[in-house]
2 protein chains.
Amino acid sequence: MPASIEDVAKLAKVSISTVSRVLNRRNVVNPNTRERVEKAIRELGYRPNVFARGLMLRKSNIIGLVLPDLHGEFYSEIIRGANEKTRQLGYHLMVSAAIESDDSHDIVSAVSNQGIVDGLIAMVSETNAGIADAISTIDVPLVVLDGDVQGVRHDCVVINQNEGAAAMMAHLIKIRPGKPIIFVGGNETNLDTIDRLHAYRSAVEQAGGEVSAGDIFHLDYDYQTAFDLGVEMVGKWAKQNASVFAANDEMAAGIIDAAIDAGLSVPAQLPVVGFDDTRIAQLTRPRLTTVHVPMAIMGAAAVELLLQRIEDPKRPATKITLQSELIVRESCGASPALHQPILREIS
Amino acid sequence: MPASIEDVAKLAKVSISTVSRVLNRRNVVNPNTRERVEKAIRELGYRPNVFARGLMLRKSNIIGLVLPDLHGEFYSEIIRGANEKTRQLGYHLMVSAAIESDDSHDIVSAVSNQGIVDGLIAMVSETNAGIADAISTIDVPLVVLDGDVQGVRHDCVVINQNEGAAAMMAHLIKIRPGKPIIFVGGNETNLDTIDRLHAYRSAVEQAGGEVSAGDIFHLDYDYQTAFDLGVEMVGKWAKQNASVFAANDEMAAGIIDAAIDAGLSVPAQLPVVGFDDTRIAQLTRPRLTTVHVPMAIMGAAAVELLLQRIEDPKRPATKITLQSELIVRESCGASPALHQPILREIS
DNA sequence: CTGAAAGCGCTTACAG
DNA sequence: CTGAAAGCGCTTACAG
């Protein structure tokens, strides 16, 4: 049984009020008294009981992070950024992600309904996700990542994907003017895919082209399915002098590998670009031209925002927009030197 | 202000004792009464206060997971496995990882000293880490991942790396009998590297070879440093008809890329193999021959073990050993068909 | 500057 | 089967 505040009080021959005061550095405690108390605390190895404290203060110093998934670098980078900021600011991080067996409601309640977190960061990556409903029922400060939830007042941090995606499209169009660009996205209801596809359409139309349904594919962000698609399509795409714009790096890698297996040279016969700028982007050969998305920073920014909200519950809702950035490597067929001028043109 | 147990009691016209009883499904409560109470609970949207409950029960249903780092797939897979099992068993997961600014003591205390977790899973990956000291001071049930901590009674789950590493070495020796094998490890104090290097030495000696200091390199598990080393050494290694045994997939990828950039063909002129079987292993060309390490399972097993210990504090300390497994792909120069016979020989 | 006392929201013997 | 009461370990007015 660990020492309680009463044990400390007895040892230091003061009341528990005084012990509590030195703990919370409130009103000035007499230096001598304080020293006695501190000595007792040390001797007893006393640490305040979090539950008793939480009961009074209604604060746990724990924030929750709810993710739709835990596969891949994308999410782990968010956790990494959130962990760092959380620790720096003296909080703790409770992480929860969807598992196969649960509907999205469970995920949120798993971390929030217990009432133990002081606030919640939730990533909403699907438009149709019940997670949005679930979120709308929670009653702690909330920061939404990536998406938006109707009907709840909340802060959010999003990535301006449009910017990076538009730069990428401009880049591809510049390299192969008038040639088709294939879009390989994730699920149709996935918010990131929606954003990136939107940028794709705009760019194609703006360039005077026409968006063809046959140029758009919806997969699942995985290497293997993209590889399989590539096996089937890569020859045809090369014949059209097309380029491939994949909505994440893994799918780009899959398509590149399929192309190479088919004896095509990337980028010469088929430029392929990705999105996210994960580690994978530097491991493929050719190295991936992609769009950098600051995932760890997103996690950290969310934590900061949330803690500000916890401190001041009625500050105006804030939206932080992080910029994405075109990273030109080898898989698009343009030397990095080409990069600057192009960027300038579209800005 | 959320509803309290008293609000429920009033609405249902019973005492708080009765409300508490229906909540905890203790002694049979009269069905009629129970129904009244449950109705009140529903109407009020009542949820028990975790802090008050924790104060009485001394239980938070939160377990802590302390990791040395959060970069890369290795750790994220552990989190994924732990998250799944934790949720299945009705617990919550608090994650904490080292950040640059702290000494290892901070990491552990960040999650355990608050006294809020019911138990702790800690990964110890360095022999010299102060984290071991820090861990020895904690007073909740503990499961150690990968390493071992002196002087504390604890359960642990480890990977039998020796098995996979030995199989890999036998495989390499079989392919190029009598030729040198280069070992590229992580830090010298890293437990995984120590294990893998040990298997390396044994295998070389057992094959009648001699371990040469010049064949052993200690890097940092990163792609880039391995690539740099490769740039420098790859030609020499190829001339010696050597093979390269890297202690993780990323470094193997770095060396492969360096070899290819140098105009060498992998595996024909330089077989290179990895360790861990992360996603990267399937993205490299040639695909990596590597050793599969069940990371997610390790995370899940640790959670299970911890919860068993929490339930029964005096059960004997248990050690779970998970097997690693040689995965033959392309980068070693042996067709998978060769795989089975070789495995049989060494077993 | 310090102490006695109330109260946070629960659980759990103890009576009835 | 149900209620009154004590107690978990804190914080915080309120007096002094």
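Protein chains get the first letters and strands the later ones, always in sequence-line order, with residue 1 at the start of each. As the structure is a computational prediction, the values presented were derived from the model and not from experiment.
- Between the CZ atom of A:R34 and the P atom of C:dT2 there is a distance of 10 Å, given to the nearest Å.
- Applying the 4.0 Å criterion to OP1 and OP2 of C:dT11, one finds that B:S20 has a side-chain N or O inside that range.
- At whole-Å resolution of the value, CD1 in A:I16 and P in D:dC8 are 12 Å apart.
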Report all side-chain donor-acceptor pairs from residues 65-74 of chain B shorter than 3.5 Å, counting only partners two or more places apart or in another chain.
{"unit_1": "B:D69", "atom_1": "OD1", "unit_2": "B:H71", "atom_2": "N", "d": "3.2"}
{"unit_1": "B:D69", "atom_1": "OD1", "unit_2": "B:H71", "atom_2": "ND1", "d": "3.2"}
{"unit_1": "B:H71", "atom_1": "NE2", "unit_2": "A:R80", "atom_2": "NE", "d": "3.3"}
{"unit_1": "B:H71", "atom_1": "NE2", "unit_2": "A:R80", "atom_2": "NH1", "d": "3.2"}
{"unit_1": "B:E73", "atom_1": "OE1", "unit_2": "B:R279", "atom_2": "N", "d": "2.8"}
{"unit_1": "B:E73", "atom_1": "OE2", "unit_2": "B:R279", "atom_2": "N", "d": "3.3"}

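- Between B:T18 and D:dG3 there is a side-chain polar atom (N or O) within less than 4.0 angstrom of OP1 or OP2.
- Here the P atom of nucleotide C:dC8 and the CG atom of B:L55 are 14 Å apart, to the nearest Å.
- Heavy atoms only, all atoms of each residue included: A:L306 and A:L142 are closest at CD1-N, 4.0 Å.
- Using a cutoff of 4.0 Å between basic side-chain nitrogens and carboxylate oxygens, A:E35 and A:K39 are not scored as salt-bridged.
- Residue B:S4 has no polar side-chain atom (N or O) positioned under 4.0 Å from OP1 or OP2 of C:dG9.
- OP1 or OP2 of C:dT11 has not a single side-chain nitrogen or oxygen of B:R58 nearer than 4.0 Å.
- Listed nucleotides D:dC10, C:dC10, D:dC8 differ in distance to A:M56; the shortest reach to its side chain belongs to D:dC10.
- Note: CD1 (A:I5) to P (C:dC8) measures 18 Å, nearest angstrom.
- Nucleotide D:dG9 holds its C1' atom 13 Å from the NZ atom of A:K10, rounded to whole Å.
- Neither OP1 nor OP2 of D:dT11 sits under 4.0 Å from any side-chain N or O of A:S17.
- In this structure, A:K13 places its NZ atom 12 Å from P of C:dG3, rounding to the nearest Å.
- The strand DNA chain D forms stems, runs of 3 or more Watson-Crick or G-U wobble pairs with distances below 3.5 Å, at C:1-3 with D:14-16, C:5-12 with D:5-12, C:14-16 with D:1-3.
- Salt-bridge check for B:E38 with B:R42: failed, with every basic side-chain N at 4.0 Å or more from each acidic carboxylate O.
- Straight-line distance from the CZ atom of B:F51 to the P atom of D:dT11: 13 Å, rounded to whole Å.
- With no hydrogens or angles considered, no side-chain donor-acceptor pair links A:D118 and A:Y91 at under 3.5 Å.
- An OP1 or OP2 oxygen of D:dT11 is reached within less than 4.0 angstrom by a side-chain nitrogen or oxygen of A:N24.
- Between C:dG9, D:dC10, D:dG3, one nucleotide has an atom nearer to the side chain of B:A52 than all others, and that is C:dG9.
- Comparing B:V14 and A:E6 by the nucleotide of DNA chain D whose heavy atom lies nearest to each, the residue mapping closer to the 5' end is B:V14.
- Of all nucleotides listed (D:dC1, D:dA5, D:dG9), D:dC1 comes nearest to the side chain of B:T33.
- Between the CZ atom in A:R34 and the CD1 atom in A:I41 there is a gap of 10.0 Å [rounded to 0.5 Å].
- Across B:I310, B:L120, B:V140, a single residue satisfies side-chain contact (heavy atoms from CB on, under 4.5 Å) together with B:I63, and that is B:I310.
- Rounding to whole angstrom units, CG of residue A:L23 and P of D:dC10 are separated by 8 Å.
- When the side-chain nitrogen and oxygen atoms of B:R21 are compared with OP1 and OP2 of D:dC1, none of them lie within a distance under 4.0 Å.
- Within the nucleic acid shown, A:L57 comes within 4.0 Å of sugar-phosphate atoms alone, with no base atom in reach, counting heavy atoms only.
- Taking B:A300 as the reference, B:K85 meet the side chain to side chain contact (heavy atoms under 4.5 Å, CB included) condition, with sequence neighbours excluded.
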